[in-house]
There are 2 protein chains.
Amino acid sequence: MRLTTKGRFAVTAMLDVALYAGDAPVTLAAISARQKISLSYLEQLFGKLRRNGLVDSVRGPGGGYQLARTPDAMTIAEIIRAVDEPIDATQCGGRENCHDDRRCMTHELWAGLNAHIFGFLRGVTLADLVAQQKPRQTDVVVMKDHRVATAPTTVDAA
Amino acid sequence: MRLTTKGRFAVTAMLDVALYAGDAPVTLAAISARQKISLSYLEQLFGKLRRNGLVDSVRGPGGGYQLARTPDAMTIAEIIRAVDEPIDATQCGGRENCHDDRRCMTHELWAGLNAHIFGFLRGVTLADLVAQQKPRQTDVVVMKDHRVATAPTTVDAA
DNA sequence: GATTACTTGACTAATTTATTCGGGAATTGG
DNA sequence: CCAATTCCCGAATAAATTAGTCAAGTAATC
């Protein structure tokens, strides 16, 4: 389980889709504008997300991307793993030639730690993040098709 | 909370110190040989570990590094943070200029996720890893001969 | 005071992240 | 059909991080 900005970008983008997709799919251009991520980088990321079955794509005008599943069935762990491909982790990637005395002490060390972190991130879904986001977000702002804001809600606590 | 191989190297090295330091300090050369990490890279890592007060150094012949605290008071989170310096995480690092519409949606998103992961890693100490390591270190020979392909390298979803 | 071994910083190479570019292919609307 | 929109793909590039190397120190022991 690697955890870099790349994975964060992916999660952020997916959260954007979850938030802004109504019936119509969300275009990468829109995500790029809202989240300030380069369009081509998004294309790369969504290519992986699509090939991993996390999003569906619709081509042509009015096209874009949609979540392949409901947000509550989409875990953060999946998203990160989809874009952070090589989850090798143990530095000797399966080969047994690590050492002579004992086999690369870190084998099960990281396997265990990974399992824990992975387990944790598998317990968090996009729906959780949406819920966390909504309260200070309900004034959905000006969407592309001039859907205007409602009431600006709460200021946060911490 | 970034989580890269760099942090893993650091934890592995610290675990090595915890395992092999008796009364005498452990030299980087020994760690380098055992863990197959380049000596100069270890120098960099231990420079940071020392400046962060995680290890004490002893110079001169017979010198080396020792844990600054007992293993049970040394968390994995600390180690990783010591070497993975920039824990900025939110890509706009505190500045409020993220966006116009809402302030960088990911602010508290990652802050929260980070807090969780960090909390988890703060709950794991070097002593835990030592304990995990000790039992399977005694039957080294047995493992070497018999169980060759037990551990899959990737932490898979199952 | 000479040897051992840590200390430090600067420098390079390799890898990963992020961006840019240039063209395609599918779909919709006119 | 035509043109606009949008996904799709690959290559090239730039920036950042990771990993490794080198060389000149400082401290401690014998």
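Per chain, numbering begins at 1; letters A, B, ... match sequence-line order. Keep in mind it's a predicted model, so treat the numbers as computed, not measured.
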* Structure fact -> Interatomic distance, CZ@B/F46 vs CG@B/L54, rounded to 0.5 Å, equals 10.0 Å

* Among C/dT8, C/dT19, C/dT28, which is the nearest nucleotide to the side chain of A/Q44? -> C/dT19

* To do: With DNA chain C as reference, determine whether A/L39 or B/G64 sits nearer its 5' end, using the nearest nucleotide of each.
  => B/G64

* Below 6.0 angstrom between ring centroids: does that apply to B/F120 and A/F120? -> no

* **Identified side chain to side chain contact (heavy atoms under 4.5 Å, CB included) partner of A/L126 from the options A/T70, A/L19, A/L67, A/T75** => A/L67

* Asked: Any side-chain N or O of B/R50 under 4.0 Å from OP1/OP2 of C/dT8?
  -> yes

* Structure fact -> Taken to the nearest whole Å, NZ/B/K6 to P/C/dT16 is 15 Å

* To do: With the side chain of B/R59 defined as its heavy atoms from C-beta on, choose the nearest nucleotide among D/dT26, C/dT19, D/dA19.
  => D/dT26

* Structure fact -> From CD of B/Q66 across to C1' of C/dC6 the rounded distance in Å is 13 Å

* Separation of C/dA18 P from A/I37 CD1 (nearest whole Å) -> 9 Å

* Could you check how far CD of B/Q35 sits from P of D/dA19, rounded to whole Å? => 15 Å

* Asked: Does the base of D/dC7 carry an N or O that pairs as donor and acceptor with the side chain of A/E43 under 3.5 Å?
  -> no

* Across the strands shown, which category fits A/G47 at heavy-atom distances under 4.0 angstrom: base, sugar-phosphate, nothing? -> nothing

* Asked: Within this structure, what is the CG-to-C1' distance between A/D56 and C/dA26, rounded to whole angstrom?
  -> 16 Å

* Asked: Closer than 4.0 Å, any side-chain N/O of A/S57 to the OP1 or OP2 of D/dC8?
  -> yes

* Among D/dT18, C/dC21, D/dC7, find the nucleotide with the atom closest to the side chain of A/S40. => C/dC21

* Asked: Counting side-chain heavy atoms from CB outward, which of D/dT18, C/dT28, D/dA19 is closest to A/P61?
  -> C/dT28

* **Distance below 4.0 Å between A/T4 side-chain N/O and C/dT16 OP1 or OP2** => no

* Asked: Taking CG from B/L45 and P from C/dT7, how many angstroms apart are they, rounded to a whole number?
  -> 14 Å

* To do: Starting from C1' on D/dC9, measure out to CG on A/L42 and report it in whole angstrom.
  => 16 Å

* Asked: Which is true for A/L28 with a 4.0 Å heavy-atom rule: it touches a base, it touches only sugar-phosphate, or it touches nothing?
  -> sugar-phosphate

* Counting side-chain heavy atoms from CB outward, which of C/dA18, C/dA5, C/dT7 is closest to B/Y65? -> C/dT7

* So B/D56 and B/Q66, side-chain hydrogen bond (donor to acceptor under 3.5 Å, both in side chains) or not? Walk me through it. -> CA-CA 5 Å; B/D56 293 325; B/Q66 280 172 319; over 6 Å; no

* Asked: In terms of side-chain heavy atoms of A/T5, which of D/dG25, C/dA18, C/dT27 is nearest?
  -> C/dA18

* Go through the steps to decide whether A/R69 and A/E78 satisfy the test salt bridge (charged side-chain N to carboxylate O under 4.0 Å, His left out), and finish with yes or no. => CA-CA 12 Å; A/R69 275 171 274 152; A/E78 287 178 290; 3.1 Å; yes

* In terms of hydrophobic clustering (I, L, V, M, F, W, Y; side-chain heavy atoms under 4.5 Å; direct or indirect links), are B/Y20 and B/Y65 co-clustered? -> yes

* Base, sugar-phosphate, or nothing: which does A/V26 touch, judged by heavy atoms less than 4.0 Å apart? -> sugar-phosphate

* **Nearest-nucleotide pick for B/R51, side chain only, options being C/dT8, D/dG20, C/dT17** => C/dT8

* **Value in whole Å for how far the C1' atom of C/dT7 lies from NZ of B/K48** => 15 Å

